[in-house]
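Taking it in order: structure first as structure tokens, then the write-up.
Chain naming here is simple, since letters A, B, ... match the order of the sequence lines and numbering starts at 1 in each. The structure presented is a predicted model; accordingly, all values stated were derived computationally and were not measured.
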Protein chains: 2
Amino acid sequence: MAKVDTSLVAHLPLFAGVTPEALDEILREARSARYPKNSAIFEQGADAQSFFLLLHGHVRAAKTTPTGEQIVVRYVAPGETFGLAMAIGAVQYPATAIAVDDSVVLIWPTSAWPRLVERFPSLAANTLQTVGARLQESHTRILEMSTQQVEQRVAHALLRLAKQSGKKLDHGIEIDFPISRQDIAQMTGTTLHTVSRILSGWESQGLVESGRQRIILRDPHRIVVLAERSADSGAA
Amino acid sequence: MAKVDTSLVAHLPLFAGVTPEALDEILREARSARYPKNSAIFEQGADAQSFFLLLHGHVRAAKTTPTGEQIVVRYVAPGETFGLAMAIGAVQYPATAIAVDDSVVLIWPTSAWPRLVERFPSLAANTLQTVGARLQESHTRILEMSTQQVEQRVAHALLRLAKQSGKKLDHGIEIDFPISRQDIAQMTGTTLHTVSRILSGWESQGLVESGRQRIILRDPHRIVVLAERSADSGAA
DNA sequence: CCGATAGTTTGCGATAGCGCAAAACGGGAC
DNA sequence: GTCCCGTTTTGCGCTATCGCAAACTATCGG
């Protein structure tokens, strides 16, 4: 069992209110693992034997319908937990987790959760907060899907990604993991074709610069404007 | 401060693992109140000064956009909590809660939450479970909005309502609180017109019987079939 | 009992976005 | 350096669903 450096994770919201000694104890129950790019960390429907904390890299959580369609539930950034099925009372993972970049995670056995929560109640409180925040995001997403057109939804999605995982460049903000048109379509409830058309349009207006699984927001401010306008005209 | 009968609420998931004495102590911090039909319990954006447990009646939680459009986040049934903004770290209510029927609720001051959680850690664990369940429902809803057509989404919504708040009749299942076409539209991301058309169609096929703010599922089984089919034909 | 009001139904264009198909493109593997 | 494969782009017809408008109808208050 690899020793994990507490200083790397002590500041995370998950461990707020946890003493260094307690943190040490918590980390002793975890092991770490590396997942190469495009490898599955767990599959939807599998028994939830572990829960995870992402240290490095990026993970995509996606949900699949019986007929094979997928949506992206969220992208996990370093410092975030995922696969918390047990905390919410699920026996199986409700989604599939794939490393979209070479990633390093901490892994706890699900069985350790009740004990940890009992010894360190703030873990439950902290987890409640993060799950609550995700619930709010989901509601926001539902609101957007109900009331906005595709272009605005894509704008919102990109802005969110930029905020969560944006790398500042001198000429814009780059989303710093590989993401395809298809992925964005699955985040916004549309098709890769429509996303491609939208990005092409934006590119010709200098709003973004994009390529194969790569997007740079060149003019975030104008994208914010796009995201917020209700339905008026906008052709050049 | 009205005395609340513990026997009425002892069996709720929220209080699982809480001793009768503890429950008594928890309830002593609450007061109860009655909200008449169509009255607001709290407004989106208001300071979250209380959290609630519904005893009788039904409550609609709805989220409004800056431009005035609304979606229904969920319907609250007796025994469920709502307005848990503080537990998830929000200072203001993210949605508006309206009693859709004469309703009775228990009300705790937000300020009591940290103390209650400290004394009774299972409260946090139980709340985590319910919030987690709601998160999953939200994801399911997003999945549906992304991959299904309106008719299927409406079918799913009605089936869910029937399961949560259905009253068994000899000739079907009635949703036992007033719900309009508009409400269903706001649950499924469509317009009241489209919902009306769909229900009219179903009514003529004997699937449902409906009227002003009233819906009876006459043939739940066939509605399940409707909800599940992907996109094939179905005209009589 | 009757009128006012909120909810419902329905018709009819308009259109955003889908779905299919095919071509162009870019990057990595060998 | 070249080939191959996954990704992206783009054209084009189609249709589910919206949006507006107007008529209709229960229900409730008085």
So, does the side chain of A:Arg214 form a donor-acceptor pair with the base of C:dG26 at under 3.5 Å? no
When you check the phosphate oxygens OP1 and OP2 of C:dA6, does a side-chain N or O of B:Gln213 lie under 4.0 Å from one of them? no
Rounding to an integer number of Å, can you tell me how far B:Trp202 CH2 sits from C:dT8 P? 15 Å
From CD of A:Gln186 across to P of D:dT8 the rounded distance in Å is 12 Å
Quiz question: by atom type and distance under 3.5 Å, do the side chains of A:His58 and A:Asp176 form a donor-acceptor pair? yes
Of A:Arg212 and A:His193, the one whose nearest nucleotide on DNA chain D sits closer to the 5' end is A:Arg212
What is the distance, to the nearest angstrom, from the CD atom on A:Glu203 to the C1' atom on D:dT10? 15 Å
Quick one: B:Arg197 CZ to C:dG13 C1', roughly how many Å, whole number? 12 Å
5' priority, DNA chain C, between A:Val195 and B:Ile179 [closest heavy atom]: B:Ile179
Answer yes if the side chains of A:His156 and A:Gln148 hold a donor-acceptor pair under 3.5 Å, and no otherwise. yes
Using a cut-off of 4.0 Å on non-hydrogen atoms, how would the nucleic acid contact of B:Ser196 be classed: base, sugar-phosphate, or nothing? base
Taking only the side-chain nitrogens and oxygens of B:Gln149, find out if one of them lies under 4.0 Å from OP1 or OP2 of D:dT17. yes
Kindly say whether, by distance alone, the side chain of A:Arg181 makes a donor-acceptor pair under 3.5 Å with the base of D:dG6? no
B:Thr191-B:Thr194 side chain donor-acceptor pair, cut-off 3.5 Å: yes
Classify A:Gly201 by what it touches in the nucleic acid, base, sugar-phosphate, or nothing, heavy-atom distance under 4.0 Å. nothing
Could you tell me the separation between the CE atom of B:Met145 and the P atom of C:dC18, rounded to a whole number of Å? 13 Å
Lys/Arg-Asp/Glu bridge criterion (N-O < 4.0 Å) met for B:Glu144, B:Arg160: yes
Can you tell me whether the side chain of A:Arg153 and the base of C:dG17 have a donor-acceptor pair closer than 3.5 Å? no
Any side-chain donor near an acceptor of the partner, B:Arg74 and B:Ser138, under 3.5 Å: no
Whole angstrom value for the distance that separates P of C:dG7 from CD1 of B:Ile215: 14 Å
Does B:Ser200 have a side-chain nitrogen or oxygen under 4.0 Å from the phosphate oxygens OP1 or OP2 of C:dT8? no
Expressed in angstrom and rounded to an integer, what is the separation of B:Ile198 atom CD1 from C:dT9 atom P? 12 Å
Can you check whether B:Thr191 has a side-chain N or O nearer than 4.0 Å to OP1 or OP2 of D:dC18? yes
Does a nitrogen or oxygen in the side chain of A:Ser180 sit under 4.0 Å from OP1 or OP2 of D:dT7? no
In whole angstroms, the gap separating P of C:dC25 from CG of A:Leu199 amounts to 18 Å
